Structure formats: structure tokens, C-alpha cells
Amino acid sequence: MNKIAILTLAALPLAACNTNTAVGNDREAQLDPPATAAPIESAASALANLSPGLMLPETMSEADLATLGAENTCQFRLTEVAFPSFVYDNSGGGAIKINGKLIPVTASASGEYADGELRIRTRLLDDEGDAGLQMQELIVAGPRMKDEFGFWGYTTCGNSEA
């Protein structure tokens, strides 16, 4: 009897571990509210107080894409099934999500985009993923960064603009 009481008391703290607050983890039979779009800011404003080591691309939500009007643009994804982290089109515009902010960028050359000290370079690779998506390289260089960050991912284009 004593062992059962000790095991029960030992297991009680573990019952409190099921508190996942991630988006989409509905608790108490309630639906999460629809995601809101991240604010759109310039690179100088969005990255002003951010450590250079944290200037990493983040995943955009459907609300972010709708705000940018980027549903049919080319989209860089870190995995073949992920939401995009960088969107761009043939008209010279693009946007990246860093630090919870959407940062619009302008093409400065083919495959190169910038906003102030934030520079982004893309390059198509001669490989494809398991789902047949074209591989692409994304390089991000921001203010106060000693080194640039490079990512391999996949690109999809809504209007075949790759």
C-alpha cells in the first residue's frame, strides 16, 4: 500500500506537463483564434535590437502571405512541406520574416535583394527534393553580422516564376 501511495505522489507532477501552448494545440474543446499577420517593418526597425546571431528566417503563416499578397509568388521553404520563409516575384519585390516581423526587400540584381543593411541572395541548385521541388540556396547577411547565414531549401512558384 505504501508503494502505491509513493508512486501516485511521484506521478502527480508529471500530470501537469501536458500544457502545450503551441498554435493549433486546442485545449478545453476550444478552437484557437485565426492567426494574425506579423507587422510589416523596415529592416532597420525590425532588426534594431536583435542579436546578429538571431537574424534567422522564420516561417510565415497564411495570414502573413495574405497580408503581403504573396500567395502566387515564388516561395522559399526550409523543407518541402513547410510554409515559406522568403517570398519573391519577377517584379523585383520580396519579403522575409525575421524576429516576428515581415521585412519587404527590393531586388538589387538577379537573385539579390536588400533593404538597408539586410541583404538576401538566392541561387537555384541542380537538385530536387523527394516531392520533386527545386532546391534553392538562401543566404542572409544583416546589420552587425560577422558572417552570413546560408540555408538550403526548396522553391515553389505559383506562376512558374523561378
Side-chain angles (χ1 to χ4, degrees), residues 19-26 30-129 131-162:
T19 57
N20 185 350
T21 59
V23 173
N25 183 39
D26 299 329
Q30 296 177 0
L31 294 176
D32 287 338
T36 57
I40 298 175
E41 293 186 14
S42 68
S45 173
L47 307 176
N49 296 319
L50 186 65
S51 169
L54 298 175
M55 293 182 194
L56 304 171
E58 297 174 13
T59 303
M60 295 181 189
S61 67
E62 289 181 14
D64 294 335
L65 294 173
T67 297
L68 294 169
E71 296 92 344
N72 294 318
T73 60
C74 292
Q75 302 176 352
F76 174 83
R77 302 161 185 270
L78 293 170
T79 69
E80 288 183 282
V81 296
F83 281 99
S85 297
F86 176 65
V87 295
Y88 59 98
D89 58 30
N90 279 339
S91 66
I96 191 165
K97 187 174 183 180
I98 300 176
N99 193 27
K101 313 284 190 312
L102 298 170
I103 304 170
V105 292
T106 306
S108 53
S110 179
E112 296 182 14
Y113 302 84
D115 178 22
E117 293 183 60
L118 176 66
R119 295 178 318 280
I120 298 167
R121 192 170 60 238
T122 63
R123 179 174 63 103
L124 292 176
L125 302 174
D126 292 329
D127 205 355
E128 63 181 35
L133 297 182
Q134 175 75 43
M135 288 193 71
Q136 186 176 37
E137 179 179 60
L138 177 77
I139 298 176
V140 178
R144 304 175 314 281
M145 290 176 71
K146 292 180 182 176
D147 296 312
E148 58 195 20
F149 290 135
F151 304 91
W152 279 8
Y154 304 90
T155 187
T156 59
C157 290
N159 293 332
S160 302
E161 297 175 2

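The shown structure was predicted, so the numbers you read here are calculated from the model rather than taken from an experiment. The first residue of the sequence shown is numbered 1, and numbering continues consecutively from there.
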Beyond-backbone contact of Pro57 with Phe151, side-chain heavy atoms, under 4.5 angstrom:
yes

In Å and rounded to the nearest 0.5 Å, what is the CD to CD1 distance from Glu41 to Ile103?
8.0 Å

So does Leu125 get a backbone contact from the side chain of Gln134, meaning a donor-acceptor N/O pair under 3.5 Å?
yes

Taking all atoms of both residues into account, what is the closest heavy-atom pair of Pro39 and Gly100, and its distance?
CD-O, 3.6 Å

Should Thr73 and Leu65 count as side-chain neighbours, where that means a heavy-atom distance under 4.5 Å?
no

Filter on side chain to side chain donor-acceptor pair (under 3.5 Å), then keep only pairs touching residues 58-70, sequence neighbours left out; what's left?
Ser61-Asp64, Asp64-Lys97

Looking only at side chains, do Ser85 and Arg77 share a donor and an acceptor under 3.5 Å apart?
no

For the residue pair Pro104 and Ile40, establish whether any side-chain heavy-atom pair is separated by less than 4.5 Å.
yes

Passes side chain to side chain contact (heavy atoms under 4.5 Å, CB included), Leu54 versus Asn99? Steps please.
CA-CA 8 Å; Leu54 298 175; Asn99 193 27; over 6 Å; no

Rounding to 0.5 Å, atoms CZ (Arg144) and CG (Leu47) come to a distance of 7.5 Å

Tell me whether Glu80 contacts the main-chain N or O of Ala131 through its side chain, where contact means a donor paired with an acceptor under 3.5 Å.
yes

Euclidean distance, Arg123 CZ relative to Thr155 OG1, rounded to 0.5 Å
14.0 Å

Is a side-chain donor or acceptor of Gln75 paired with a backbone partner of Ala70 at a separation under 3.5 angstrom?
yes

Can you list the residues that meet the side-chain contact (heavy atoms from CB on, under 4.5 Å) rule with Ser42, with sequence neighbours excluded?
Ala44, Ser45, Asp115

Walk me through whether Phe86 and Tyr113 qualify under ring pair (Phe, Tyr, Trp, His ring centres under 6.0 Å).
CA-CA 11 Å; Phe86 176 65; Tyr113 302 84; 5.3 Å; yes

Enter the distance from Tyr154:OH to Asp127:CG here, rounded to the nearest 0.5 Å.
7.5 Å

Working to the nearest 0.5 angstrom, can you tell me the gap between Arg121 CZ and Ser110 OG?
12.0 Å

Quick one: does Phe76's side chain get under 4.5 Å of Pro84's, heavy atoms only?
no

Output all residues satisfying side-chain contact (heavy atoms from CB on, under 4.5 Å) with Ala141, sequence neighbours left out; order by chain, then residue number.
Arg119, Glu148

Say you draw a straight line from CG of Asp147 to CD1 of Ile139; how long is it, rounded to the nearest 0.5 Å?
12.0 Å

Do Met145 and Glu117 come close enough that some side-chain heavy atom pair is under 4.5 Å?
no

Trace of the side chain to side chain contact (heavy atoms under 4.5 Å, CB included) decision for Ile98 with Leu56:
CA-CA 6 Å; Ile98 300 176; Leu56 304 171; over 6 Å; no

Could you go through Ile96 and Leu118, starting from their C-alpha distance and side-chain angles, then the distance that decides it, and tell me whether this counts as side chain to side chain contact (heavy atoms under 4.5 Å, CB included)?
CA-CA 10 Å; Ile96 191 165; Leu118 176 66; 4.1 Å; yes

I'd like to check Glu137 versus Leu124 (side-chain heavy atoms, cut-off strictly below 4.5 Å). Are they in contact?
no

Taking Asp89 for its side chain and Ser91 for its backbone only, find out whether a donor-acceptor pair lies under 3.5 Å.
yes

